[in-house]
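The structure appears right after this line, and notes come after that.
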Number of protein chains: 2
Amino acid sequence: MLEAPKPKTITTQAMEKIRQLIFDGELAAGSDHLESELADRLGMSRTPVREATLMLAQQGLLEVRPRKGVRISTLSLKDMGEIYSVLTELESLAAEEAASSGYSDEDLKALKQSIEAMETALEREDREAWAHADDAFHDELVRLGGNSRVESIVSMMANQVRRARAMTLYIRPLPLKSNEDHRAVYDAIKEGDSDKARDRHRSHRQHAREVLIDLLKKHKLFHI
Amino acid sequence: MLEAPKPKTITTQAMEKIRQLIFDGELAAGSDHLESELADRLGMSRTPVREATLMLAQQGLLEVRPRKGVRISTLSLKDMGEIYSVLTELESLAAEEAASSGYSDEDLKALKQSIEAMETALEREDREAWAHADDAFHDELVRLGGNSRVESIVSMMANQVRRARAMTLYIRPLPLKSNEDHRAVYDAIKEGDSDKARDRHRSHRQHAREVLIDLLKKHKLFHI
DNA sequence: GGATTTAATTACGTATACGCAATTCAATGT
DNA sequence: ACATTGAATTGCGTATACGTAATTAAATCC
């Protein structure tokens with residue numbers, strides 16, 4: 001699981017900073033920006049900014065529109081549906097693979113801890129903490145799946161829906177039932193039952209997808 | 001399904017040309033190249049070449065190694081397995097979605113034609129034609145799935161394994177059984193049986209994955 | 001007054017310039 | 001011989017320059 005040591009070039013910094021600006025909403029979805037504006041804002045020249053935007057465009061976070069600048073991507077309901085479908089499939093694959101990997105309890109410690117963190121967060125109705133632990137669960141699940149492509153695609157897709165998740169965090173019902181699912185997935189992985197791990201995670205995700213989309217519709221958030 | 005009209009900038013041309021050089025094997029897997037070398041080769045300056053390589057790196061076709069130039073990606077057996085797993089999941093999703101879309105016979109014409117093309121190619125033992133039709137089948141299936149993210153991820157993954165498929169085209173057994181699968185998937189989509197479409201395509205893909213990996217092992221092609 | 005042509009501006013796409021990190025290689029010391 | 005050091009070279013990362021497509025504004029015509 002060794003990754004290449006990351007080069008800390010200015011281009012890389014630009015990518016991370018721009019990504020963060022998008023996640024924080026400082027570059028609002030749908031807004032347009034000049035390369036020179038971003039360069040000024042980040043205190044560097046256009047070159048690394050330009051390179052960063054081209055890479056981020058490949059990841060779907062923004063579009064570079066020739067001669068028109070950079071537009072931060074928006075998400076329609078259809079986009080959300082697409083992304084959640086992909087997440088469902090690939091995370092379910094990860095769950096299946098994790099279950100067939102013969103992990104020890106020790107290997108699964110982080111996964112278990114994230115479930116426990118979700119439970120205590122739910123008891124306290126601490127939505128931020130719950131969201132954080134939920135992220136940790138999904139990240140760890142995918143990591144245990146051991147497929148680096150799945151990891152990077154899932155991370156890309158999760159990045160794209162980050163804003164939407166943040167927006168809905170406080171308007172959605174507390175996911176009281178979801179911990180059952182998490183536990184069931186965890187147990188299936190521990191038992192090595194790959195079909196069960198897969199199916200259980202898949203239905204969990206499909207349900208989450210429906211809840212989210214209904215919620216967005218109900219609040220008329222057709223475009224984020 | 002309208003895509004944004006493609007800008008024909010030099011950077012775009014660089015991307016396409018470099019991609020083609022990789023597919024054609026003129027930039028061999030594992031080989032290193034200077035930005036200036038590629039720039040000379042393509043008759044342009046370093047800037048668009050550099051931008052192109054950064055984007056292609058996001059797609060996994062090559063790596064940009066700071067201060068060391070561009071390295072064309074190689075594929076290990078593990079990589080092949082990873083990619084085929086992703087393809088299996090996402091294509092199966094596409095089959096499922098296609099089946100629940102209520103497509104008419106007319107809508108499914110291209111899919112049917114690709115199956116027929118595979119059958120006639122098999123009778124003639126024309127492997128090139130078969131491979132071409134097989135590509136068409138998978139492309140069309142994914143298109144019918146109607147998920148643009150799935151389309152682009154699948155296309156990325158298919159690009160990554162292109163070399164390996166070309167290498168094995170003449171050493172693998174003729175896929176005589178696979179047309180049954182294709183027909184079954186087609187029928188399931190036509191009938192609107194999404195579970196069947198999904199399951200059938202999934203097992204088809206899983207089988208193909210195993211065959212390919214065994215083949216690579218048998219020929220000691222551990223690294224392509 | 002509204003439409004159309006033309007001039008001016010803007011912002012990008014590409015080329016070029018330049019300095020530094022990384023590598024190479026030779027010279028020196030042991 | 002081998003290791004070590006340091007100079008020379010290489011190749012990239014970033015900045016800057018510049019021409020041109022796209023947009024806006026102005027001017028002209030009907």
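Residue numbering restarts at 1 for every chain, and letters A, B, ... go by the order of the sequence lines.
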Item to check | B/R50 side-chain proximity, nearest of D/dT14, C/dA15, C/dC12 | outcome: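 Nearest to the side chain of B/R50 among the choices is D/dT14.
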Checklist entry - In terms of side-chain heavy atoms of A/T9, which of C/dA11, C/dT14, D/dG13 is nearest? => result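 Minimum distance to the A/T9 side chain belongs to D/dG13.
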Protein-nucleic acid N or O pairs under 3.5 Å, nucleotides 18-23 of chain C:
residue: C/dC20; atom: O2; partner: B/R67; partner atom: NH1; Å: 3.4

Rounded to whole Å, please give me the gap between [atom1] in [X] and [atom2] in [N].
X     : N      : atom1 : atom2 : result
B/D40 : C/dT16 : CG    : P     : 11 Å
B/L38 : D/dC12 : CG    : P     : 9 Å
B/L54 : D/dC12 : CG    : P     : 12 Å
A/E35 : D/dA17 : CD    : C1'   : 15 Å
A/I10 : D/dT16 : CD1   : P     : 11 Å

Without placing hydrogens or testing angles, list every side-chain donor-acceptor pair under 3.5 Å for residues 107-115 of chain B, not counting sequence neighbours.
residue: B/D107; atom: OD2; partner: B/S104; partner atom: N; Å: 2.9
residue: B/D107; atom: OD2; partner: B/S104; partner atom: OG; Å: 3.1
residue: B/S114; atom: OG; partner: B/L111; partner atom: O; Å: 2.6

Checklist entry - Between B/V70 and A/M44, who's closer to the 5' end of DNA chain D by nearest nucleotide? => result B/V70
Next on the checklist: Parallel, tilted or perpendicular, judged at 30° and 60°: which one describes the rings of B/H201 and B/F137?
Outcome noted: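 Tilted: the ring planes of B/H201 and B/F137 meet at 30° to 60°.
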Item to check | Side-chain N or O of B/T47 closer than 4.0 Å to phosphate OP1/OP2 of C/dT16 | outcome: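 No, no such contact exists.
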Next on the checklist: Looking at every non-hydrogen atom in both residues, tell me the closest pair between B/D79 and B/T74 and how far apart they are.
Outcome noted: OD2-O, 3.9 Å
Checklist entry - A/D134 pairs by salt bridge (charged side-chain N to carboxylate O under 4.0 Å, His left out) with which of A/R205, A/R172, A/R165? => result A/R165
Please output the side-chain donor-acceptor pairs of residues 209-224 of chain A that fall under 3.5 Å, not counting sequence neighbours, one pair per line with the distance.
residue: A/R209; atom: NE; partner: A/G81; partner atom: O; Å: 3.2
residue: A/R209; atom: NE; partner: A/S85; partner atom: OG; Å: 3.3
residue: A/R209; atom: NH2; partner: A/G81; partner atom: O; Å: 3.3
residue: A/R209; atom: NH2; partner: A/S85; partner atom: OG; Å: 3.3

Next on the checklist: Measuring only between side-chain heavy atoms, which start at C-beta, is B/L75 closer than 4.5 Å to B/I83?
Outcome noted: yes
